[in-house]
Amino acid sequence: MEKQSAIDRQYCELCGKMENLLKCGRCRNSFYCSKEHQKQHWKKHKLICKEADKAQVSKQKPEPTQPSGDEDGSNNAKSNGQTRSSPQKLATEYIVPCMNKHGICVVDNFLGAETGMCILEDVKALHKTGKFTDGQLVSQKSDSTKDIRGDKITWIEGREPGCEKIRFLMSRMDDLVRHCNGKLGNYTINGRTKAMVACYPGNGTGYVRHVDNPNGDGRCVTCIYYLNKDWDAKEHGGLLRIFPEGKAQFADIEPKFDRLLFFWSDRRNPHEVQPAYATRYAITVWYFDADERARAKEKYLTGAGEKGVKVELNKPSDPS
């Protein structure tokens, strides 16, 4: 097997792990976290591996390459990061096919360390203001919310004083989604929520298994940006575990610094935040499908509070 290219990151076919993957050197379409898991999965994988191998030979086309770095993309992942490619290229050549195939897509080194640190400083300053409140459920029917989710949150439009870098992040998210629009499933995205800035305080709190949009409220894509430097899941916990519908394996996402995550918001992706034992920051935006959002408004399924507020996608902005 060969090392996995940063721009092809998927998950282990056997266990669902998304870290430090290796690519099948034959078909170049499947990934494993270890040679042992590849061997265990071979009886099933060989049935499609041969066909994929034949298809690749018949195409006789060179594979897309990274803008720079080694052939396997590993050097590019370490130094340049994925977003040295234009937002359009990142969207059309990686995010769209990854989402349409798996319903989950991870982009590492999204904005770079310097910009990421500026965003983190904005979030920490915001946290110190005391404006964060307990995360709420869409249907608030009991006092047991803390047993379900333990995060503290605040909603940001991006124009608030001291939130300039958060606004820049939102504009970059919007750039990617704009380039993906019309190619993600059958969705036509026409807006999004404000940004939900969330903090798990690190005392073992998490968020039990749930679905972001179980009732067709219009949200089709969940987009999360993580801000946690030197995060070690073995020590700090806080994994986002996704249970893709119809698949035996799950996908574990570490909330690593400058990592961007996309996944379908509906019942295809139940997920949980496992207990976090260090302060865990994330910024989440949900994008709306035009038709589903219109139907939801007619049926009064939009829920309450800030989450129901539609915001037009930001135009590209200057990071300075």
Side-chain angles (χ1 to χ4, degrees), residues 83 87 91 95 105-107 110-112 115-138 149 151-181 189-201 207 210 212-213 217-228 240 253 255-265 271 273 279-289 293 302-319:
T83 52
I95 296 172
C105 183
V106 176
V107 179
F110 178 50
L111 297 175
T115 302
M117 284 303 298
C118 291
I119 296 169
L120 178 57
E121 288 169 7
D122 274 7
V123 169
K124 286 182 174 179
L126 193 64
H127 194 195
K128 288 179 180 178
T129 64
K131 293 181 180 178
F132 281 59
T133 58
D134 290 341
Q136 300 295 305
L137 304 178
V138 173
R149 61 183 296 183
D151 55 339
K152 304 282 186 178
I153 68 168
T154 191
W155 293 91
I156 295 297
E157 181 181 356
R159 300 182 184 277
E160 298 87 345
C163 295
E164 291 79 12
K165 296 299 182 181
I166 297 175
R167 177 174 175 78
F168 172 66
L169 166 67
M170 295 159 71
S171 74
R172 289 298 302 271
M173 289 176 172
D174 290 351
D175 287 348
L176 287 181
V177 171
R178 192 179 294 107
H179 288 301
C180 292
N181 210 357
I189 294 172
N190 69 337
R192 58 161 169 76
T193 63
K194 295 180 180 180
M196 185 186 78
V197 183
C199 171
Y200 288 87
Y207 195 156
H210 66 283
D212 284 354
N213 175 16
D217 64 19
R219 290 176 290 161
C220 60
V221 174
T222 301
C223 182
I224 307 176
Y225 181 70
Y226 293 110
L227 287 156
N228 308 296
L240 179 72
I253 317 292
K256 290 184 175 181
F257 179 76
D258 201 28
R259 167 172 283 179
L260 190 68
L261 169 67
F262 294 91
F263 58 89
W264 302 131
S265 304
H271 55 282
V273 177
T279 304
R280 180 188 187 276
Y281 290 113
I283 299 176
T284 304
V285 167
W286 287 270
Y287 288 91
F288 292 123
D289 172 62
R293 186 65 176 166
T302 55
E306 300 289 354
K307 191 172 290 183
V309 177
K310 176 186 170 184
V311 179
E312 297 299 329
L313 272 60
N314 278 324
K315 294 181 180 179
S317 62
D318 181 32

Option from T284, T154, D151, I153 for which side-chain contact (heavy atoms from CB on, under 4.5 Å) with V197 holds |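 It is T154; the other options fail the test.
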Atom pair [atom1]/[atom2] of [X] and [Y] - distance to nearest 0.5 Å:
X    : Y    : atom1 : atom2 : answer
R172 : L260 : CZ    : CG    : 10.0 Å
L240 : L261 : CG    : CG    : 6.0 Å
C199 : L227 : SG    : CG    : 11.0 Å
T279 : N228 : OG1   : CG    : 9.0 Å
M173 : Y287 : CE    : OH    : 6.0 Å
E157 : M170 : CD    : CE    : 7.5 Å

Apply side-chain contact (heavy atoms from CB on, under 4.5 Å) to D134 and K152, showing your working.
-> CA-CA 5 Å; D134 290 341; K152 304 282 186 178; 2.4 Å; yes
Evaluate the side-chain hydrogen bond (donor to acceptor under 3.5 Å, both in side chains) criterion for residues D258 and Y225: first the C-alpha distance (whole Å), next the side-chain angles of each, then the deciding distance (0.1 Å), finally the verdict.
-> CA-CA 7 Å; D258 201 28; Y225 181 70; 2.6 Å; yes
Closest non-hydrogen atom pair, [X] against [Y]:
X    : Y    : value
I95  : C105 : CA-SG, 3.8 Å
F257 : G116 : CZ-C, 3.4 Å
R219 : N213 : O-ND2, 2.7 Å
D217 : R293 : O-NH1, 2.9 Å
T222 : S265 : OG1-OG, 2.8 Å
I119 : K165 : CG1-O, 3.6 Å

How far apart are the C-alpha atoms of L126 and F132, what are their side-chain angles, what is the distance that settles it, and do they pass the side-chain contact (heavy atoms from CB on, under 4.5 Å) test?
-> CA-CA 8 Å; L126 193 64; F132 281 59; 3.9 Å; yes
Using modelled atom types only, decide if a donor and an acceptor are shared between the side chain of [X] and the backbone of [Y] within a distance under 3.5 Å.
X    : Y    : answer
D175 : P87  : no
E160 : G158 : yes
D289 : C220 : no
R280 : P255 : no

Do the non-hydrogen side-chain atoms of [X] and [Y] ever get within less than 4.5 Å of each other?
X    : Y    : result
V285 : V177 : no
F263 : I253 : no
D212 : W264 : no

